[in-house]
Amino acid sequence: MARMLAWACILMLTLGTVVVAAPADEVPAPFASFNYLLGGWKGSGIPEANRVRGWPEKHNWAWKFAKGTPVGMTVVLEGDKVLTNGELSYDDASKTYHLNAQGADGKPLAYQGTLDSTGKTLTLDREGTSAEGKERIILRPNSSKIRYTMVIERQPPGAPQYSRFIEVGVTKEGEAFAAGGNTANLPKCVITGGSATMTVSFQGKTFPICCTGCRDEFNDNPDKYVQKAMLKAKASDGKTAAKPASSGKDDGAFDGLLIGEPKKAKPAPPKAKTETKSAPAEAEANDEADTPETQAPAKPAEVSKAASLLTQAYAFERSRKASAAVIYYRRIVKEYPDTPEAKTAAERIKTLAGK
């Protein structure tokens with residue numbers, strides 16, 4: 001009945017008696033807590049045995065579709081020492097999540113578990129036994145959900161309890177686009193309604209999508225989702241929907257649904273030349289005047305990330321782990337050269353090199 005109601009949203013066209021069904025945003029309730037995972041992530045893995053010797057990792061999460069509806073999630077992990085890929089599903093009968101995965105050695109692995117009472121932390125226990133003993137995976141987002149931690153814990157045979165084996169920390173790719181984790185103002189995926197971080201093009205139009213799974217679903221059924229986007233655009237404008245525009249002409253029907261493209265508005269009247277600037281405007285103008293033309297100012301997200309890395313580097317240095325600190329200092333200089341933190345990092349590299 002719920003599915004029938006979801007598809008019962010109809011729109012009568014003004015001309016003729018054609019009825020167009022608008023596909024509803026359908027994300028399975030058990031996966032609502034995992035919307036933040038969709039898209040690409042990058043970070044590093046750190047073994048508990050030697051926290052100085054880490055490695056880079058990339059994760060990519062996407063929806064898995066069946067007959068046009070998301071039924072689970074897939075993940076590809078580059079550089080991970082335990083898994084290479086996996087498929088997350090939910091069993092309604094047992095109220096448990098299942099991760100069928102491929103290990104780093106190419107062998108199949110299976111995990112199952114549940115969310116905690118907060119609906120944020122997912123704990124998955126490995127099924128069966130192995131030479132390493134018991135194993136479990138814990139997925140936990142940070143408060144802004146632009147970073148998450150994947151912890152691998154093991155309990156060797158005879159050990160009294162689980163202990164941390166590997167910790168992987170990854171950050172959402174395009175963090176500046178994520179605006180500090182505030183997804184309220186991001187474009188919405190034309191398929192699921194989730195926060196979009198990608199786009200797909202069709203007939204000269206660009207549509208926001210949230211993951212590679214939605215990209216593939218769109219490419220398999222483009223007409224369905226073009227029509228859906230059009231109906232949403234018309235509904236948001238409070239206008240009567242019309243038939244989709246031909247591929248050869250842009251009638252503006254999708255304005256506001258495109259990433260980076262605001263809705264069209266009437267041009268504002270020209271301001272008088274004698275207009276007095278407000279204090280914030282004057283400050284902004286002065287800031288621009290003081291900024292060298294040869295170097296663009298660092299973006300707030302870059303400064304934030306650089307500051308975070310600098311804090312970690314300081315922590316390593318205070319712990320007398322100079323080699324680990326230098327790794328972070330060099331990363332700041334390489335990835336965020338236009339930030340004040342990069343200058344500080346360069347100075348610390350020179351100081352540590354002289355010791």
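Looking at residues two or more places apart in sequence or on another chain, you find a side chain to side chain contact (heavy atoms under 4.5 Å, CB included) between Glu127 and His98, Ala110, Gln112. Contacts of Arg147 classified as side chain to side chain contact (heavy atoms under 4.5 Å, CB included), with partners at least two apart in sequence or in another chain: Asn142, Thr171, Lys305.
Under a hydrophobic-cluster definition in which Ile, Leu, Val, Met, Phe, Trp and Tyr are linked whenever side-chain heavy atoms come within less than 4.5 Å, directly or via other members, Leu352 and Leu310 are assigned to the same cluster. Hydrophobic clustering keeps Tyr36 apart from Val151 (ILVMFWY residues linked when any side-chain heavy atoms are closer than 4.5 Å, directly or through intermediates). Trp55 and Leu77 fall within a single hydrophobic cluster, where Ile, Leu, Val, Met, Phe, Trp and Tyr are joined by side-chain heavy atoms under 4.5 Å apart, directly or via other members. Cluster membership for Leu88 and Val76, using ILVMFWY side-chain heavy atoms within less than 4.5 angstrom, is not shared. Note: the hydrophobic cluster containing Ile46 does not contain Ile138 (ILVMFWY, side chain heavy atoms under 4.5 Å, direct or indirect links).
To the nearest 0.5 Å, atom CZ of residue Arg140 and atom CD of residue Glu167 are 8.5 Å apart. Distance CG/Asn100 to CD/Glu87: 7.0 Å, rounded to 0.5 Å. In this structure, OH on Tyr162 lies 5.5 Å from CD on Gln155, to the nearest 0.5 angstrom. Put simply, CG on Asn60 and OG1 on Thr74 are 7.5 Å apart, with the number rounded to the nearest 0.5 Å. With rounding to the nearest 0.5 angstrom, the CG atom of Leu83 is 10.0 Å from the CG atom of Asp105. The CD1 atom of Ile166 sits 8.0 Å away from the CD atom of Glu57 when rounded to the nearest 0.5 Å.
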Which atom pairs, donor and acceptor, lie under 3.5 Å between side-chain atoms of residues 322-332 and protein residues at least two apart or in another chain?
residue	atom	partner	partner atom	Å
Tyr328	OH	Gln312	OE1	3.4
Tyr329	OH	Glu317	OE1	2.5
Arg331	NE	Glu335	OE1	3.4
Arg331	NE	Glu335	OE2	3.2

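With contacts defined as side-chain heavy-atom distances shorter than 4.5 Å, the pair Leu231/Lys228 does not qualify. Taking 4.5 Å as the limit, some side-chain heavy atom of Met150 sits within range of a side-chain heavy atom of Ile137. Here the side chains of His59 and Tyr148 are in contact, with some heavy-atom distance below 4.5 Å. In this structure, Phe65 and Ile191 have side chains that are in contact, with non-hydrogen atoms separated by less than 4.5 Å. By the 4.5 Å heavy-atom criterion applied to side chains, Ile152 and Lys81 are not counted as neighbours. Counting only heavy atoms from C-beta outward, the side chains of Met73 and Leu38 approach each other to under 4.5 Å.
Atom CZ of Arg53 is surrounded by 12 or fewer heavy atoms from other residues, nucleotides or ligands within 6.0 Å.
Checked options Trp63, Tyr90, Tyr97; the residue passing with Phe34 is Tyr97 (criterion: ring pair (Phe, Tyr, Trp, His ring centres under 6.0 Å)).
When all heavy atoms are compared, the tightest approach of Val333 to Ala342 is CG2-O, 3.6 Å. Nearest approach of Lys188 to Ala196, heavy atoms of both residues: C-CB, 4.2 Å. Between Asp220 and Pro222, the shortest heavy-atom contact is C-CD, 3.5 Å. When all heavy atoms of Cys189 and Cys210 are compared, the pair lying nearest together is SG-N, 3.5 Å. Across Val168 and Val170, no two heavy atoms sit closer than the pair CG1-CG1, 4.0 Å. Contact detail for Gly103 and Leu109: the closest heavy-atom pair is CA-CD1, 3.7 Å.
In this structure, a donor-acceptor pair under 3.5 Å is absent between the side chains of Asp223 and Gln227. Checked by atom type, the side-chain pair Asn85/Gln102 shows a donor-acceptor distance below 3.5 Å.
A donor-acceptor contact shorter than 3.5 Å is absent between the side chain of Lys145 and the backbone of Leu37. With Asp116 contributing its side chain and Lys120 its backbone, the two residues share a donor-acceptor pair below 3.5 Å. Not a single donor-acceptor pair under 3.5 Å links the side chain of Thr199 to the backbone N or O of Thr206.
Residues Tyr225 and Phe207 place their aromatic rings such that the two centres sit no closer than 6.0 Å.
Between Arg136 and Glu153, at least one side-chain N (NZ, or NE/NH1/NH2) sits under 4.0 Å from a carboxylate O, which counts as a salt bridge.
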